[in-house]
Trainee: 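The structure is given below, and queries will be raised subsequently.
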Amino acid sequence: MKTLTVNKDTKEMLFRELSQRDPGNYEGYAERVQEILDQVREKGDQALFAYTERFDGCVLTPDNILVTKEEIEAAYGEVDEDLLSVVRESLKNIREYHEKQRQYSWFDSDSTGTILGQKVSPLASAGVYVPGGKAAYPSSVLMNIVPAQVAGVERIVMVTPPGKDGRISPTTLVAAHEAGATEIYKVGGAQAIAALAFGTDSVPKVDKIVGPGNIYVALAKKAVYGHVSIDSIAGPSEVLVLADETANAHYVAADLLSQAEHDELASAILVTTSQKLASQVEKEIEGYLSFLSRSEIIRKSLDRFGYLLIAEDLDQAIEITNHIASEHLEIVTANPFEVMTKIKNAGAIFLGEYSSEPLGDYFAGPNHVLPTNGTARFFSALSVDDFIKKSSIIYYSREALRSVHREIETFAEAEGLTAHANSIRVRFEEDEK
């Protein structure tokens with residue numbers, strides 16, 4: 001990890017270094033992704049099946065692309081009962097948290113004969129992308145499906161890459177069924193995003209696509225935005241720990257590594273007012289690396305995007321924390337709740353030494369699909385809000401409109417839109433005679 005003193009130059013350097021992780025910088029992949037999208041849009045299932053055989057080694061047909069009830073039932077027999085119990089407990093926490101995010105239609109009337117309001121409706125359909133391959137991510141399954149299900153989305157379509165044998169991870173299937181997926185398709189990569197965006201004979205088009213994936217998936221989502229809605233362009237994972245001299249170096253080091261193990265582009269940053277703590281954390285990291293299973297990946301991640309930042313005081317530490325706008329922010333200070341009130345930019349905030357980041361990944365309830373690469377300045381965590389739409393409601397009685405019609409006509413004529421003005425004026429022609 002690089003040890004740096006916080007100053008103006010540090011901020012500029014961090015911006016340059018961390019921006020290398022932005023999926024938008026990998027334009028070399030964009031042309032290949034666009035070709036896949038174009039082929040699936042033009043040829044439908046033919047291209048979808050061909051790319052799946054090419055990239056995943058799996059032969060798909062209209063008869064085997066959709067996961068069957070029998071396959072889901074068989075998956076339950078392969079999942080450890082203890083793990084299933086944990087999935088269900090986590091699911092309960094996630095659902096209860098997201099149910100508090102529900103929004104409702106509202107109407108407001110007054111004595112003049114005016115009714116204004118807002119009608120809240122769920123999206124009709126949503127597509128959830130879940131990474132596959134050798135790994136299984138049931139936590140991502142829950143986090144992406146639950147807010148859609150709570151919002152009232154009727155069709156929740158999950159896609160995930162199959163193995164060469166045409167099977168999906170049993171854990172992934174069980175998590176999807178428990179969370180409320182209505183359809184599960186054995187297809188992944190950019191071709192799956194294309195199918196969800198444009199539709200094929202086998203895979204239906206959806207209104208919105210959410211979920212993480214590799215660079216091909218990220219760029220595909222970016223390219224189809226406008227044909228469908230998307231959640232965000234997810235980048236590599238990141239954590240920032242804001243700590244003072246009261247923090248436990250043993251815990252802090254462990255938390256930094258929990259994100260650095262994701263991949264070589266992950267970022268782990270400590271911002272602290274204590275040089276002593278920074279030195280202790282660095283030593284603790286070396287100790288952990290001697291036995292952690294993904295230590296090689298962690299080392300590469302820390303060498304490239306790991307930082308120990310020394311601030312002169314807590315105000316400066318908070319300032320650079322807001323500047324970085326990390327996906328995950330842990331506050332481990334003497335008064336974490338007070339510090340939290342000064343944080344403006346963070347995807348998720350974890351308070352105190354017993355609220356480490358994996359708690360949010362798996363169990364607490366808040367969503368772990370979070371803004372990355374500094375986009376926490378303007379994006380939020382995935383939520384029920386992502387799966388609803390809002391329609392304005394306007395009603396004026398004749399008397400209510402009569403009292404303001406001249407003002408509206410004046411406004412429209414000032415913009416040169418005489419037909420707009422006329423649309424109001426004709427309703428009161430008789431009054432002018």
Side-chain angles (χ1 to χ4, degrees), residues 1-18 20-21 236-262 264-292 294-295 297-340 342-343 345-358 374 376:
M1 298 182 78
K2 307 175 187 74
T3 301
L4 303 170
T5 300
V6 175
N7 54 42
K8 181 180 178 181
D9 292 337
T10 305
K11 290 182 180 179
E12 294 176 356
M13 183 278 295
L14 281 171
F15 178 80
R16 290 194 303 271
E17 292 288 322
L18 295 176
Q20 297 176 32
R21 305 163 60 251
S237 190
E238 56 201 31
V239 65
L240 188 152
V241 179
L242 172 57
D244 61 16
E245 69 283 354
T246 66
N248 184 316
H250 194 56
Y251 297 167
V252 171
D255 295 353
L256 292 171
L257 301 189
S258 72
Q259 293 307 292
E261 76 169 341
H262 271 291
E264 296 171 10
L265 293 177
S267 174
I269 300 173
L270 170 64
V271 178
T272 182
T273 54
S274 171
Q275 175 69 63
K276 180 180 179 182
L277 177 69
S279 299
Q280 291 174 334
V281 167
E282 196 164 25
K283 291 178 182 177
E284 291 286 348
I285 286 174
E286 284 303 316
Y288 284 127
L289 289 176
S290 65
F291 66 85
L292 289 173
R294 296 169 67 87
S295 60
I297 291 173
I298 293 172
R299 284 191 186 279
K300 290 179 179 178
S301 168
L302 296 181
D303 286 345
R304 295 187 66 188
F305 302 110
Y307 299 93
L308 301 170
L309 303 180
I310 314 300
E312 63 181 26
D313 55 34
L314 197 53
D315 286 339
Q316 187 184 52
I318 292 169
E319 181 183 2
I320 196 164
T321 296
N322 280 323
H323 176 77
I324 295 170
S326 185
E327 176 189 17
H328 305 102
L329 169 62
E330 292 187 12
I331 302 176
V332 193
T333 60
N335 296 295
F337 287 91
E338 180 182 348
V339 173
M340 178 268 294
K342 301 176 183 179
I343 296 300
N345 304 321
I349 303 173
F350 301 79
L351 303 174
E353 65 180 10
Y354 294 105
S355 303
S356 62
E357 187 279 335

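Values reported hereafter were calculated over all heavy atoms of this structure, with side chains retained and with hydrogens, waters and symmetry mates removed. As the structure is a computational prediction, the values presented were derived from the model and not from experiment.
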Trainee: Tell me, please, which residues at least two apart from Lys300 pass side-chain contact (heavy atoms from CB on, under 4.5 Å).
Mentor: Glu264, Glu296
Trainee: I need the minimum non-hydrogen distance between Ile349 and Leu351, along with the two atoms involved.
Mentor: CG2-CD2, 3.7 Å
Trainee: Could you state the interatomic distance from CG (Leu292) to CD1 (Ile298), rounded to the nearest 0.5 Å?
Mentor: 5.0 Å
Trainee: For a quick test of reading the model, state the closest non-hydrogen atom pair linking Pro336 to Thr333 and the distance between them.
Mentor: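 Shortest heavy-atom contact: CD-O, 3.2 Å.
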Trainee: Between Thr5 and Thr10, is the side-chain contact (heavy atoms from CB on, under 4.5 Å) condition met? List the steps.
Mentor: CA-CA 7 Å; Thr5 300; Thr10 305; 5.6 Å; no
Trainee: Glu286: which residues meet the salt bridge (Lys or Arg N to Asp or Glu O under 4.0 Å) condition with it, sequence neighbours left out?
Mentor: Arg299
Trainee: Per the side chain to side chain donor-acceptor pair (under 3.5 Å) rule, what does the pair list look like for residues 242-259, sequence neighbours excluded?
Mentor: Ser237-Gln259, Asp244-Thr246, His250-Glu284, His250-Tyr288, Gln259-Glu357
Trainee: Between Arg304 and Leu265, which heavy-atom pair has the shortest distance, and what is it?
Mentor: NH1-CD2, 3.6 Å
Trainee: Might you work through the side-chain contact (heavy atoms from CB on, under 4.5 Å) test for Asp315 and Lys342, ending with a clear yes or no?
Mentor: CA-CA 9 Å; Asp315 286 339; Lys342 301 176 183 179; 4.2 Å; yes
Trainee: Check Leu309, Val6, Asp9 against Leu14 for a side-chain contact (heavy atoms from CB on, under 4.5 Å) and give me the one that passes.
Mentor: Leu309
Trainee: Ignoring hydrogens, what is the shortest heavy-atom contact between Ile269 and Phe305? Give both atom names and the distance.
Mentor: CG1-O, 4.5 Å
Trainee: Any side-chain to backbone donor/acceptor pair from Arg294 onto His262? Under 3.5 Å, distance only.
Mentor: yes
Trainee: According to salt bridge (charged side-chain N to carboxylate O under 4.0 Å, His left out), does anything in residues 320-340 pair up with another residue at least two apart or in another chain? List the pairs.
Mentor: none
Trainee: Can you sort out the partners of Glu319 under salt bridge (Lys or Arg N to Asp or Glu O under 4.0 Å), two or more places apart, ordered by chain and number?
Mentor: Lys11
Trainee: Would you give the length of the straight line joining atom CD1 of Ile320 to atom NZ of Lys8, rounded to the nearest 0.5 angstrom?
Mentor: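 One gets 13.5 Å once the value is rounded to the nearest 0.5 Å.
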Trainee: Distance check, rounded to the nearest 0.5 Å: Leu329 atom CG versus Leu242 atom CG?
Mentor: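 Taking CG in Leu329 and CG in Leu242, the distance rounds to 6.0 Å.
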Trainee: With Asp303, which residues qualify under side-chain hydrogen bond (donor to acceptor under 3.5 Å, both in side chains), at least two apart?
Mentor: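 Residues passing side-chain hydrogen bond (donor to acceptor under 3.5 Å, both in side chains) with Asp303: none at all.
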Trainee: Can you tell me if Ser267 uses its side chain to pair, donor with acceptor, with the backbone of Glu238 under 3.5 Å?
Mentor: no
Trainee: With sequence neighbours excluded, tell me which residues meet side-chain contact (heavy atoms from CB on, under 4.5 Å) with Asn345.
Mentor: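 Here the qualifying residues are Asn322, Ala325, Arg377.
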Trainee: Tell me the side chain to side chain donor-acceptor pair (under 3.5 Å) pairs involving residues 305-314, sequence neighbours left out?
Mentor: none
Trainee: Which atom pair, heavy atoms only, marks the closest approach of Ala376 to Gly347?
Mentor: CB-N, 3.7 Å
Trainee: Donor-acceptor pairs are to be reported for all side-chain atoms of residues 270-282 against protein atoms at under 3.5 Å, with residues two or more places apart or in another chain.
Mentor:
| from | atom 1 | to | atom 2 | distance (Å) |
| --- | --- | --- | --- | --- |
| Thr272 | OG1 | Ala243 | O | 2.9 |
| Thr272 | OG1 | Ser274 | N | 3.0 |
| Ser274 | OG | Lys276 | N | 3.4 |
| Ser274 | OG | Leu277 | N | 3.0 |
| Ser279 | OG | Gln275 | O | 3.2 |

Trainee: Roughly how far apart are Leu308 CG and Ile285 CD1, rounded to 0.5 Å?
Mentor: 6.0 Å
Trainee: Might you point out which heavy atoms bring Ala266 and Pro236 nearest each other, and give the distance in Å?
Mentor: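 Shortest heavy-atom separation between Ala266 and Pro236 comes out as N-CB, 4.1 Å.
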